[in-house]
Structures are given as C-alpha cells and as structure tokens.
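Shown next, in structure tokens, is the structure this report addresses.
The analysis underlying the following values was restricted to heavy atoms, covering all of them including side chains, and did not include hydrogens, waters or symmetry mates. A note on names: the letters A, B, ... follow the listed sequences, proteins ahead of strands, and every chain is numbered from 1.
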Amino acid sequence: MTAAKAPQHLFTTMLARVRAAAAPLAGKADLSRVVVEPPRDASHGDMATNAAMVLAKDAGKKPRELADAIAEALRSEPLVAKVDVAGPGFINLTLKSHVWGEELRVILDSGADYGRSTMGANEKVNVEYVSANPTGPMHIGHCRGAVFGDALANLLVFAGYDVTREYYINDAGAQVDVLARSAFLRYREALGEAIGDIPEGLYPGDYLIAVGKELADEYGPSLKDKPEAEQLRIVRDRAVDMMMAEIRNDLMSLGVVHDVFFSERSLIEGKDQVGATIAELRKSGEVYEGRLPPPKSGNVEDWEDREQTLFRSTGFGDDVDRPLLKSDGGYTYFASDIAYHRSKIDRGFLKMIDVWGADHGGYIKRMQAAVKAVSGGKAALDVKLVQLVRLLRAGEPVKMSKRSGDFVTLREVVDEVGRSAVRFDMLYRKNDAVLDFDLAKVIEASRDNPVFYVQYGHARAQSVFRNARTEMPDLPDTGAARAALFKSAAFDRLSDEGELSLLRKLALYPRLIEAAAAAHEPHRVAFYLYELASEFHGQWSRGKDLPHLRFIIQNDPETTKARLALVQGIVTILASGLALLGVEAPDEMR
RNA sequence: GCGCUGCUAGCUCAGCUGGAUAGAGCACCAGACUUCGAAUCUGGGGGUCGGGGGUUCGAAUCCCUCGCAGCGCGCCA
C-alpha cells in the first residue's frame, strides 16, 4: 500500500485542522499534546479537543479565552456544523450530518482495507513469539503468547509496518540434551528393552515414544554401538525436528504461522556469532572480567565467588551485571540471546517486540540493556509479557502437572472448543492480566460469551441481507458487489439516533487501529468489536418494537438501501476486526 | 531484602497513554417475541478506582509511600 493511497480518516483530518487553527494563537507552544477524541458523552457532540487546556500555559492565555479563539477559527471549517466551548476549556465539535454518510461511503469503497493505516511507514518490525522449547508439545500456557503475538503482528501489518513473525528455537541448551537422553531411552524401549520407570530428571511424556520408534525404524540397534556423543547428537537432532514439526502443527491448528524459525544452535555452529558478539562488546567496554555479589535468595550453598565474564548491563539500568560464560566454558542463555538479538538488528530490525511468559519478567531489563549496547542505542526492544492462564471447566480448575507429562495440550483445547473461541477469549483481556480460561464458558452461546456475541452480530447482519431479497430480489451475495451497489444509497435517510451512533462507531475504527497498534495492544480491537456488535444488536431490536426502524422497509427501497448500506459497513468492520484477531466471521450460526 | 506485573461495582473485566457525571458483561429486580435470527433487546439498583500523601486548571491514569496477590531475583532456559 502506497503512501498516496493513505486514507485520512476523520479523526486525523480534524486533528490536523484543530492544530492548524490553534497554531497561530498558541505562540511557540508544543502542539503534540493536542488530541481530538470522541467525547465520553454523546450530547457533547461528535468530537472534542483539549487544545485550549493543553496550550493555555505556553500561550500565556486563560484556557477558556484560548478555547473561544480556537473555536471561532474552527467555525469556518467545512466539515464543522457547530462548535462549543465547555467545562474547563473543552472544544466540542459537531460535524455536519452528511459527514457520516460520506464516511460510510469510504468504508464501502475501501472494504477490507478500511482502517488500514500508513502509520508504520513500512518500518521493519520483528515480532518474536511462542519460542517454546522444542522439548514437547505445546500446552495451554504457550497458547496465549502465540495468539497474542499473532494478533499483534496482524495489527501492525494493518497499521502499515513491515512485519516479520519469528520463532526462536532453543535447541542448544541443557534442556535439549535432556530431551536427547529421554528420547534415547524411548529408542531402547522401541527396540524391545524394558526401561522401567523414567528416571528423575528426564522427560517422562508419552510423546517421545514416537521419536524412539522412528529412530528404531531407521537405525535399528546400530545407534547403541556409536559413541555417546554421536548417539546423542543424532537423537537430539531427530527429536528436535519431530518436536518442532509437532509444534508447527499445533500452531497451525490455531492459525498461527511464523515467517522465520531461528535456531539458537545456528549462532554457535559454523561461525561463532555468540563469541563474536562478546568480543565486540568487550572492545566497546561493555564486557569485562569481574566478580558478582552472591544471589539474594534461593539456595546459596553452591554459590561460588569467582571471576567471570560479565556484561555491564548496569550501565543501561539493570540491577546487576550478567554472566555470559558458564563455569564449563559454554555460553549462558543470555549470551546466545544477545547474539540472537544482534542478528535481528543485523537483519535490519530497529524495532523489535518479544512476547514472553510472565515468569521471564525479570529478564527484560538485561535484554533491553543488551539491545542498546549491541545497536549503539539505535534499536528498541519492547517486551510484552503474557500472564498466566488458569484452565477451568465450569469454574473448576483443570488439573495439570507438567512434571508427570500429563498436561493439557494446546491441541486438546483447540480440538475441544475451536480455534476462534480460543483466540478471541485469549485476546479479550489485557496481556498483562491473569486469565481464567473456562472450557465450558467459551462454547456457551450467550451474551456472556464475547466470541459468540460478536460472531452472532456478524451472522445476524448477513441474515438481514438474506431476508432483504424479498424487497431487493437482485441483491448481490458478495460483500464487494453489495458495497458497490450501496454506494449510491441516500445516506441522509440514516437519521435515527441509533443509526447515527452506529455510523460514528464505524468511523472510530481507523483511530482505534492506530491506537491499538501504537500501544501494542490487540485486546482493544476485541473490545471495540464487542461494543460495535452490541450497538448493532440494539438497533436490530429497536426494529422489533418500532417497525419503522427496521433495516428492511417494505415498499421503501430508498430507505432500505441506505440501511442495508449501514449494515454492510458493520459487516465490513466486524469481519475486518475479527480477521485481525484470527477469528472466523461466520455467515450463519444456526 | 530487591525487582516486575496486578489491585476499578457482589463476580469477571474495560477505561482510548492526564480530561467533562468512572463504564460493560454476569448476578439481582422489572419489562419486550404473529413479521428483518428473543442465541437478542430496554430500564433499574449497585463504586472510598487497595490506603495515604504529592504534582496541576484537571488524576483510576504521572511521582512518593504503605498494604495485599502472582511471578522473578544462581553459570536453568
């Protein structure tokens, strides 16, 4: 999408006009704090601006006085019908009524592109999410990060960023060695050996049985004769590959697809990028040999005060400097992660977003410090933490124990309640708040279940079109064709307060997209959709009591057409928002 | 002890980065189905925004402080 096609939506247009009107009156004051927003109370008009209050001090004027002056200047704006000054200096704008109809025409024209923004200016953004260890199938805890990251990526694309979706495969640490040993046991089992109980410290899950079997099929007993290092390497590689295939399948079931799967091991094997990164940081003085104070908690028995290789993260706001080398000479996870983020920067990403589980919160400062150090302050890393998910069924906790290998997998949940329910429910909450996921509730068909409520709104709107054929027998059945037809509707027929309110709500969508994208908060889209659906259901029901407010009016094709145009606008945006969240927009739900 | 994240109606949660009288859903009470999907809608009661200070025209939002909860605080990943 080119900049020339950048649709200026109503709020950005008015913001520019307000700033233009205020500039000559406000002296050197900073206009960036001026906002144009929908007022809390609809009786205040269509839009409100804080310009006078924000600028008064720098302009050396009283807020009300400045407000009056700006208001006067705004009265000549072509879109504006009425300007009021209220309260401490709010300027309330009422737009000419035809503005809303024209915005609806824009919606019909743009279709699925309505709300698309050029805010991101095609800037490259790397969104890293999931990155679950390849040591087993995904469980419900991974799910939230997957859905969140995916929706955030969708949102950023829609807001005009050049997004790469990335998965970091932790295939180099001690955990994959454990995986290899666990899988080797299953391999022996597959060859007919009695292995007894899985020893403490190895992964007991049944999911490794298939790995053992495949190894047995391919190698027969020959692996047992190889040196241990080679045994483990072969088993490890196979196990990781099979686990990753499993994970990709799980992600697919959620509709989550990554562009890049980045192997941690690739940073070490071949040319040692971790070592190179450390050397580089040592040159710039960010890495040094030194000692650390003993840890503040946990068991300090095995703490050994020794000189080690440290990253000076305290220079960037971290609490303590962080080790890069283990006592066995291997790199710490952190060291690899620095090299990994440097690789992102090398690949042109100055904007990075990592989605982590809340238990990694303590890791943020050091990673941001590292990103600053490695990029010379040019790159920025935002870390979004997704909080714990508590799995419930009808209010009762679903038991799960990862240690026994008997945990609820992502796949089981998706198979039970469906992709849309999982996704919407996980997104209908701020990422940093704990989430109760109730398997019984998410498939409930009621207003209490937001997924259903929004999807039902979409289905109900489609149902209106199905019924409209009685009045308009030649009504096309594709959205695009209907939109083309409705563009010529007489929008001034949309004069009922409920209809106008819906039009205003629709016009808010582009602004919402930009705000949600800027804040990296896809949940705002979910809440907006719920509100839009709610207004639509309300208007629909009003027609139940007051037949003249129905969308389909017998023997009045003009009014019917205008109202169907509104419904088309609603369908367009419900579908657009649901698509961003990765949730299906069904045409019927009977 | 330190850090991070939370704390908003009885319950589950929003609150658009500092705006006007703090909003939804559930639950509760009272209503609306011969006709566009009642899987819905309309109205009502319900608040010390965890407590206390501060910043300013203005604070749920920013700062300080205290309390509560979860997570983290080794060369694990």
[N]: pairing nucleotide in any strand, Watson-Crick or G-U under 3.5 angstrom:
N	answer
C4(B)	G70(B)
G23(B)	C13(B)
U42(B)	A30(B)
A60(B)	none

Taking atom [atom1] in both [N] and [M], what distance in whole Å separates the two?
N	M	atom1	result
G47(B)	U65(B)	P	32 Å
U5(B)	G46(B)	P	35 Å
C49(B)	A59(B)	P	12 Å
A14(B)	G23(B)	C1'	7 Å
U8(B)	U61(B)	P	14 Å
U55(B)	C73(B)	C1'	32 Å
G15(B)	A9(B)	P	15 Å
A22(B)	C13(B)	C1'	14 Å

Which is more 5' along RNA chain B, the nucleotide nearest His537(A) or the one nearest Met53(A)? Just name the residue.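 Of the two residues, Met53(A) wins.
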
Closest-nucleotide ordering on RNA chain B, the 5'-leading residue of Ala515(A) and Asp436(A):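 Mapping each residue to its closest nucleotide by heavy atoms, the 5'-most match is Asp436(A).
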
Can you tell me how far [atom2] of [N] sits from [atom1] of [X], to the nearest Å?
X	N	atom1	atom2	result
Asp177(A)	A77(B)	CG	P	9 Å
Gln368(A)	G3(B)	CD	P	17 Å
Phe437(A)	U12(B)	CZ	C1'	15 Å
Leu66(A)	C57(B)	CG	P	15 Å

Within the 4.0 Å heavy-atom criterion, would you say [X] contacts the bases, only the backbone, or no part of the nucleic acid?
X	value
Glu588(A)	base
Thr332(A)	sugar-phosphate
Ala86(A)	base
Ala48(A)	base
Lys365(A)	sugar-phosphate
Pro323(A)	sugar-phosphate
Gly543(A)	base
Phe527(A)	sugar-phosphate
Ala519(A)	base
Ala56(A)	nothing

Short side-chain N/O contact to [N] OP1/OP2 from [X], under 4.0 Å:
X	N	result
Arg447(A)	G25(B)	yes
Lys430(A)	G15(B)	yes
Arg460(A)	A38(B)	yes
Asn467(A)	G37(B)	yes
Lys326(A)	A77(B)	yes
Arg40(A)	A20(B)	yes

Would you say the side-chain atoms of [X] and [Y] include a donor-acceptor pair closer than 3.5 Å?
X	Y	answer
Thr135(A)	Gln175(A)	no
Arg447(A)	Ser534(A)	yes
Glu269(A)	Ser266(A)	no

Does the structure show Tyr363(A) stacking with G72(B), if we require the centres to be closer than 5.5 Å and the planes to be within less than 30 degrees of parallel?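 No.
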
Are Trp540(A) and the base of C36(B) stacked, counting only ring centres nearer than 5.5 Å and planes tilted under 30°?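 Base of C36(B): stacked against Trp540(A).
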
Base of [N], side chain of [X] - is there a donor-acceptor contact under 3.5 Å?
X	N	value
Arg511(A)	C16(B)	yes
Asn92(A)	A20(B)	yes
Arg550(A)	U35(B)	yes

Candidate nucleotides [options], ranked by approach to the side chain of [X] - the nearest:
X	options	answer
Arg33(A)	G37(B), G58(B), A77(B)	G58(B)
Phe452(A)	G19(B), C13(B), A39(B)	A39(B)
His360(A)	G15(B), C41(B), A77(B)	A77(B)
Arg524(A)	C76(B), G15(B), A39(B)	G15(B)
Lys544(A)	U5(B), G37(B), C36(B)	C36(B)
Asp359(A)	A14(B), C76(B), G72(B)	G72(B)
Pro88(A)	G19(B), C36(B), A14(B)	G19(B)
Tyr530(A)	C4(B), A39(B), G25(B)	G25(B)

Would you mind checking if [Y] and [X] are paired as a salt bridge, meaning a charged N to carboxylate O distance below 4.0 Å?
X	Y	value
Arg393(A)	Asp438(A)	no
Asp354(A)	Lys384(A)	no
Asp425(A)	Arg423(A)	no
Arg322(A)	Asp318(A)	yes

Give the ring-plane orientation class for Tyr509(A) versus Phe158(A), where under 30° counts as parallel, over 60° as perpendicular and anything between as tilted.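 Geometry flag for Phe158(A) against Tyr509(A): tilted rings.
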
Parallel, tilted or perpendicular: rings of His9(A) and Phe11(A) (30°, 60°):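 Correct class here is tilted.
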
Is the glycosidic torsion of [N] within 90° of 0, making it syn, or is it anti?
N	value
C66(B)	anti
G74(B)	syn
U17(B)	syn

Looking only at heavy atoms, what is the nearest atom pair of Ile553(A) and Pro547(A), with distance?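 Shortest heavy-atom contact: CD1-O, 3.6 Å.
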
